[in-house]
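Report on the following structure.
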Amino acid sequence: MKFNFSLDGVRINSEWFEYQKRKSNVYQKIGYKGLNLYFQLFKFRLHKQNDEHVFITSLGLLRKECGYPTQEVFELLKKLKSAKVIRMLNISRWDYLIDSDGKYKDNNLLVIAADDPVPLGEKEKNYIYIDFGLFELYREKGLNERYYPLYCLIKKWSGNKEGKSWMSVDKMARILDYDKDTVHRMIYKLNSEYLLCSVRKKSQNRNAYYFEHYILDSVKDYERFKEKFKDKCDKLIKNRLL
């Protein structure tokens, strides 16, 4: 049995994706699988709790939702806690989830709270809104969870009047810990599915080019976004401009 998200979406702190030279940001500490696991927790969110976001789940339930082995789910939860993304409310030691034979207790209930929550009504520019329906659309189009942090990063830097990001592929790759060629392929794929529009522009100061990226941020706007940017996306793909 698969669970639906208990909310249409959630806001996360954009500082998770801040570029830092001397230390890892939150995203780099948890990776794309940790980010995905955090989002999957919202299929188990309880309403009207003292904390903004409280989840009741288990290793087994999270394994089924994420498709990761139980051991990996266990290690990812530890990373999320270490990065202060979540708090474990009903266990104080991780070894409580391992029995005397060294096997993981799949069915033990876990009570978890978000440790860096953003109020549901918050709309300040320092936050990134995640539309869970949009990520379901990604999955329908064959785009896995590696695309989620790329979306978050572009969305973070699109928080301006123009609604677009100018971040280079090199910098995206550094922040996400992805190979540069991988980011190129992902951007092409997003453009080919009309989930992102990347427009090539010539720099005024030198004989060089840069890209403006417009990201779809709501599944409800997909057809409108596609109609508006289809020609530009098709041009990028046809001429391999990136």
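Under the 3.5 Å distance criterion, the side-chain polar atoms of Asn191 are matched with a main-chain donor or acceptor of Ile187. Side chain of Lys155 to backbone of Tyr129: no donor-acceptor contact under 3.5 angstrom is found. Looking at Asp177, its side chain never comes within 3.5 Å of a backbone N or O of Gly31 through a donor-acceptor pair. Remark: side-chain polar atoms of Asn13 are paired, donor with acceptor, to backbone N or O of Glu15 under 3.5 angstrom. Remark: the backbone N or O of Phe42 is paired with a side-chain donor or acceptor of Ser6 at under 3.5 angstrom. A donor-acceptor pair is defined here as one N or O able to donate and one able to accept, closer than 3.5 Å; such a pair exists between the side chain of Ser14 and the backbone of Asn126. Side-chain atoms of Ser82 never come within 3.5 Å of backbone atoms of Lys79 as a donor-acceptor pair (strictly under, hydrogens ignored). Remark: the backbone N or O of Lys189 is not paired with any side-chain donor or acceptor of Tyr147 at under 3.5 angstrom.
Under the 4.5 Å side-chain contact rule for hydrophobic residues, Ile112 and Ile98 share a cluster. Residues Trp94 and Leu61 share a hydrophobic cluster, clusters being chains of Ile/Leu/Val/Met/Phe/Trp/Tyr side chains in contact below 4.5 Å. In the hydrophobic clustering of ILVMFWY residues, with side-chain heavy atoms under 4.5 Å counting as a link, Val54 and Ile130 come out apart. Residues Leu7 and Ile12 share a hydrophobic cluster, clusters being chains of Ile/Leu/Val/Met/Phe/Trp/Tyr side chains in contact below 4.5 Å. Hydrophobic clustering of Ile, Leu, Val, Met, Phe, Trp and Tyr side chains at less than 4.5 Å, counting indirect connections, unites Leu41 with Tyr104.
Taken to the nearest 0.5 Å, the CG atom of Leu195 stands 5.5 Å off from the CG atom of Leu137. The OG1 atom of Thr70 sits 14.5 Å away from atom NZ of Lys105, with the distance rounded to the nearest 0.5 Å. Going from atom OG of Ser58 over to atom CG of Asp106 covers 6.5 Å, rounded to the nearest 0.5 Å. Here the straight-line distance linking atom SG of Cys66 with atom NZ of Lys43 works out to 8.0 Å at 0.5 Å rounding. Atom CZ of Phe3 sits about 6.5 Å away from atom CD of Glu65, to the nearest 0.5 Å.
Annotation: ring-ring contact (aromatic ring centres under 6.0 Å, His included) contacts of Tyr138 (sequence neighbours excluded): Phe135. Residues satisfying the salt bridge (charged side-chain N to carboxylate O under 4.0 Å, His left out) test with Glu18, not counting sequence neighbours, are Lys156. Under the rule for a ring-ring contact (aromatic ring centres under 6.0 Å, His included), the partners of Tyr214 that lie at least two apart in sequence or sit in another chain are Phe229.
Taking 4.5 Å as the limit, every side-chain heavy atom of Arg45 sits out of range of all side-chain heavy atoms of Val10. Looking at heavy atoms from C-beta onward, Tyr178 lies in side-chain contact with Pro149 at the 4.5 angstrom threshold. The side-chain heavy atoms of Leu236 and Phe211, taken from C-beta on, include a pair separated by under 4.5 Å. Two residues are said to be in side-chain contact when any heavy atoms from C-beta on lie closer than 4.5 Å; Asn25 and Trp16 fail this criterion. Put simply, the side chain of Phe44 reaches to within 4.5 Å of the side chain of Leu62, judged on heavy atoms. Using a 4.5 Å heavy-atom cutoff, the side chains of Leu176 and Tyr32 are not in contact. Leu97 places none of its side-chain heavy atoms less than 4.5 Å from the side chain of Leu77. A heavy-atom distance below 4.5 Å is not found between the side chains of Leu76 and Asn36.
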Without placing hydrogens or testing angles, list every side-chain donor-acceptor pair under 3.5 Å for residues 162-173, not counting sequence neighbours.
unit_1, atom_1, unit_2, atom_2, d
Lys164, NZ, Glu212, OE1, 3.4
Lys164, NZ, Glu212, OE2, 3.2
Ser165, OG, Met167, N, 3.3
Ser168, OG, Lys171, N, 3.2
Asp170, OD1, Lys180, NZ, 3.2

Give the table of side-chain donor-acceptor pairs shorter than 3.5 Å for residues 83-92, with sequence neighbours excluded, one pair per line with atom names and distance.
unit_1, atom_1, unit_2, atom_2, d
Arg87, NE, Asp115, OD1, 2.9
Arg87, NH2, Asp51, OD1, 2.7
Asn90, OD1, Val111, N, 2.9
Asn90, ND2, Leu109, O, 2.8

Extract all donor-acceptor atom pairs below 3.5 Å that involve side chains of residues 216-226 and protein atoms in other chains or at least two apart in sequence.
unit_1, atom_1, unit_2, atom_2, d
Ser218, OG, Lys220, N, 3.3
Tyr222, OH, Lys141, NZ, 3.3
Tyr222, OH, Glu193, O, 2.9

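Ionic pairing of Arg93 and Asp95 is present here: one or more N-O contacts between side-chain nitrogen and carboxylate oxygen are shorter than 4.0 angstrom.
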Passes side-chain contact (heavy atoms from CB on, under 4.5 Å), Ile30 versus Tyr38? Steps please. CA-CA 10 Å; Ile30 65 175; Tyr38 178 70; 5.6 Å; no
Taking it one step at a time, do Tyr68 and Glu145 satisfy side-chain hydrogen bond (donor to acceptor under 3.5 Å, both in side chains)? CA-CA 12 Å; Tyr68 307 150; Glu145 66 268 36; 2.6 Å; yes
Test side-chain contact (heavy atoms from CB on, under 4.5 Å) on Phe5 and Gln40 and set out the steps. CA-CA 8 Å; Phe5 288 101; Gln40 297 304 317; 4.1 Å; yes
Take Leu134 and Tyr151 through the side-chain contact (heavy atoms from CB on, under 4.5 Å) test and state the conclusion after the steps. CA-CA 10 Å; Leu134 181 62; Tyr151 165 84; 3.6 Å; yes
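No more than 12 heavy atoms of other residues, nucleotides or ligands sit less than 6.0 Å from atom CG of Asp8. Within 6.0 Å of NZ in Lys81 there are 12 or fewer heavy atoms belonging to other residues, nucleotides or ligands.
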